[in-house]
Structure formats: C-alpha cells, structure tokens
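Just follow the structure's listing: the first ligand is 1, and inside any ligand the first atom is 1.
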Amino acid sequence: MSLSGTTTRYGRLAQAFHWLTALLVLIAFLVSAGGPPERVYSAARASTLLLHESLGFTVFCLLVVRLIWRRFDRIPDAPAMPSWMEVASKATHWALYALLFAVPATAMVGALFGGHPVTVYGLGAIGPFSGSWGAPLAEIHGTLGDVMMWIAGLHAAAAIFHHFFLRDRVLSQMLPGLPDPSSRQGG
Ligand code: HEM
Ligand code: HEM
C-alpha cells in the first residue's frame with residue numbers, strides 16, 4: 001500500500017494520522033482535569049497538565065499537517081449506502097475536524113489570555129499575555145472536549161456497525177490489515 005489512498009482505501013499516511021490522533025486525543029482526555037484554577041494549576045497536577053497540554057498541542061500540529069496532506073491525497077469513494085447516511089458520515093467527519101481545531105485552540109487562547117502560561121514538551125512556557133477574558137474560553141474548551149469524545153464514540157460505533165452489520169468496506173478502508181467484508185460475500 002502506498003502513502004496515498006486509492007478509490008477503496010485510505011493511504012498509509014492518512015491512516016497513520018487518523019489512529020495517532022485518536023490515541024493522543026483519548027490520552028489527553030483521560031488525563032484532563034477541570035475544576036477551579038487552584039486545582040488545574042496546582043503543583044501536584046503540574047506533570048499531568050504538562051502531559052495534557054503537550055498531547056493536545058501535538059493533536060493540533062497533526063491536524064494542520066494532515067489537512068495539508070489531504071489536499072494532495074486520494075480520499076476513497078464512499079461504498080454504496082443511502083444518501084442520508086453518506087451525508088451524516090461526511091458531516092460527522094467535518095464536525096470532528098472542526099473540533100480537532102476548536103478544542104486545542106480554545107484551550108491555548110483561553111489559558112494564555114486567562115493569566116496562565118502554556119507549557120508544551122517541558123520546553124518552557126509561552127505567555128501569559130495581558131487580558132483576563134480567557135477563563136470562559138477555558139470552560140468552553142472542557143465542554144467541547146466532552147462533545148468531541150461523544151461524537152468520536154458515535155463515529156466509532158457507526159464504523160463498527162458498518163463492518164459487522166452492513167458488511168461494507170468503511171472500517172477496512174481506514175484500518176490497516178482488515179479485509180473488506182463485502183469482497184468475501186461471494187453472492
Ligand atoms: C485534543 C486535545 C484536548 C482534549 C480532548 C482536551 C480535553 C479537555 C477536557 C475534557 C477538559 C475538562 C476536564 C474537566 O472539566 O473535567 C480539559 C481541561 C483543560 N485543558 Fe484540555 N484538551 C485538549 C487539549 C488541550 C490543550 C492543547 C491545552 C493547552 C493549553 C489544554 C489545556 C487545558 C486546561 C488548562 C484545562 C483546564 C481548564 C480549566 O478548567 O480552566 N487542553 N481539556
Ligand atoms: C478521537 C477519536 C477520533 C477522531 C477525532 C476521528 C476522526 C476522523 C475523521 C476526521 C475522519 C475523516 C477522515 C477523512 O476523510 O479525511 C475519520 C474517518 C474514519 N474513522 Fe475516525 N476518528 C476517531 C476515532 C475512530 C475510531 C475509534 C474508529 C473505529 C473504531 C474510527 C473509524 C474511522 C473510519 C472507519 C473512518 C473512515 C470512514 C469513511 O471513510 O467513511 N475513528 N475519523
């Protein structure tokens with residue numbers, strides 16, 4: 001399989017971006033902390049906050065490179081399905097892309113303009129910048145993070161439904177090594 005996709009499969013690079021992003025988002029979510037700033041920015045939570053911000057920042061960078069690559073890549077055609085399902089699937093994908101942008105962006109802008117430096121990879125801190133309007137954005141960040149996990153969960157459930165019940169190639173075109181169930185039906 002080449003780096004680029006075909007009419008029936010995502011390419012190696014698009015698959016790598018997808019699964020790496022899903023893994024990093026999941027870990028960032030699991031180590032996230034809410035509550036009052038004294039808790040979020042406490043010394044006891046400094047290392048998990050560093051991990052959370054570094055993972056989230058990596059997700060953001062991956063999104064930028066991934067979307068540039070997508071312009072040059074061949075995205076597989078949707079297998080035969082009702083048009084409402086195809087529209088719902090495209091809408092979900094673009095909602096997830098929007099959230100992959102909005103979740104880290106609201107966090108970074110919210111922290112920087114809410115009086116908190118942002119630390120990534122332990123390389124030192126950026127900011128904070130002057131302004132005090134960041135706190136509501138930080139709250140929106142937490143809510144959007146939850147929304148992203150719900151949509152990603154439904155998206156994953158839909159992919160599994162396609163594979164086992166509709167028996168089309170939706171999951172196999174993104175998952176390396178998984179055979180296309182529709183090519184094994186044989187009438
Ligand atoms: C895909 C990436 C990310 C996901 C899924 C995510 C998810 C979350 C969630 C769900 C919360 C709220 C936790 C709760 O209320 O229990 C949260 C809080 C937080 N996140 Fe993220 N986050 C991501 C990226 C980032 C990035 C890039 C930063 C860097 C600035 C960041 C900084 C924070 C901070 C500072 C809080 C605490 C907010 C507050 O209540 O003041 N996050 N995150
Ligand atoms: C945080 C987690 C996830 C995010 C943010 C995410 C995001 C995305 C996005 C944006 C696309 C569109 C790709 C494109 O056409 O450019 C996509 C496709 C896909 N994702 Fe996910 N995904 C996540 C988790 C999962 C999981 C857990 C599964 C499977 C169990 C999965 C299965 C798929 C499949 C099969 C496709 C291709 C769908 C199609 O071609 O119609 N994803 N995902």
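Judged by the shortest distance from any of its heavy atoms, H162 lies outside the 4.0 Å radius around the atoms of ligand 2. Taking 4.0 Å as the cut-off, A33 counts as a neighbour of ligand 1 on heavy-atom distance. Within the structure, the closest approach of F60 to ligand 1 does not fall below 4.0 Å when heavy atoms are considered.
Each of the atoms 1 (C) of ligand 2 lies under 4.0 Å from some heavy atom of V25.
For A22, heavy-atom contacts with ligand 2 shorter than 4.0 Å involve the backbone as well as the side chain. Counting heavy atoms under 4.0 Å from ligand 2, residue M174 touches it through the side chain alone.
Which of L26, L96, I75 comes nearest to atom 4 (C) of ligand 2 through a heavy atom is settled by distance: it is L96. Of the candidates Y10, W94, W69, F17, the one placing a heavy atom closest to atom 37 (C) of ligand 2 is Y10. The option from H163, K90, R169, H155 that lies nearest to atom 19 (C) of ligand 2, judged by heavy atoms, is H155. When R66, M149, R9 are ranked by how near their heavy atoms come to atom 9 (C) of ligand 2, first place goes to R66.
Considering backbone and side-chain N/O of H141, one or more are found under 3.5 Å from N/O of ligand 1. Every N/O-N/O distance between W19 and ligand 2 stays at or above 3.5 Å. At least one N or O atom of H52 sits closer than 3.5 Å to an N or O atom of ligand 1.
Shortest contact from atom 28 (C) of ligand 1 to any protein heavy atom: A107 CB, 3.4 Å.
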